[in-house]
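Encoded as structure tokens, the structure appears first; notes follow it.
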Amino acid sequence: VQLQASGGGLVQAGDSLRLSCVASGSIFSYNSMGWYRQAPGKERELVATGASDGSTKYADSAKGRFTISTDDAKHTVDLQMNNLTPEDTAVYYCNIEKVLERPHWPYPKDYWGRGTQVTVSS
């Protein structure tokens, strides 16, 4: 499984960005797709995820500003980020928690994209 992310960049506070990610390879079932981020000197943290049942989860810092959307058929996950602040500056990673096929079914396995830089200037 490979994930290809795009859409990062340098913006000013208050601007918007949209991150996109497509997963390819052998994906017959998955639990969730989402976005995580890691700022310098900090641990990687969840930003938002979309589960295969349609539910979503957001970090408190993302609620009201970010919107995640997934396409089950295309295995894509997008993150619309509005009203960005310098605190959103980080490398953003796309993730898919895939359900392994037999003989390892139904155990999950995480796959990660290479990351895309988002920098928000004040």
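Each residue takes its place number in the sequence, starting with 1. All of these numbers come straight from a predicted model, not from anything done at the bench.
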Nearest heavy atoms of [X] and [Y], plus distance in Å:
X	Y	value
K63	D60	NZ-OD1, 3.2 Å
P108	N31	CB-ND2, 3.7 Å
L79	F66	CD1-CB, 4.1 Å
P86	S122	CG-CB, 3.8 Å
D72	S52	OD2-O, 3.9 Å

Please check: side-chain N/O of [X] versus main-chain N/O of [Y], any donor-acceptor pairing under 3.5 Å?
X	Y	value
K98	S26	yes
T116	G8	yes
Y92	G7	no

Can you check whether [X] reaches [Y] side chain to side chain, under 4.5 Å on heavy atoms?
X	Y	value
C94	W35	yes
L100	W105	no
R65	D88	yes
V118	M81	yes
I68	V77	yes

Between [atom1] of [X] and [atom2] of [Y], what distance do you get to the nearest 0.5 Å?
X	Y	atom1	atom2	result
Q2	I96	CD	CD1	12.5 Å
K109	E97	NZ	CD	12.5 Å
S32	N95	OG	CG	6.0 Å
H75	C21	NE2	SG	11.5 Å

Using the rule that Ile, Leu, Val, Met, Phe, Trp and Tyr join whenever any side-chain heavy atoms are under 4.5 Å apart, tell me whether [X] and [Y] fall into a single cluster.
X	Y	value
V91	V120	no
Y93	L84	no
L3	Y30	yes
M33	V22	no
V11	L19	yes

Enclosure of [X] [atom1] (heavy-atom neighbours >12, cutoff 6.0 Å):
X	atom1	result
Q4	CD	no
E45	CD	yes
R18	CZ	yes

Do Q117 and T119 have side-chain atoms, one donor and one acceptor, less than 3.5 Å apart?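 There is such a pair between these side chains.
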Distance-only donor-acceptor check, side chains Q80 and N82, under 3.5 Å: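 Their side chains do contain a donor-acceptor pair, which is all the 3.5 Å distance test asks for.
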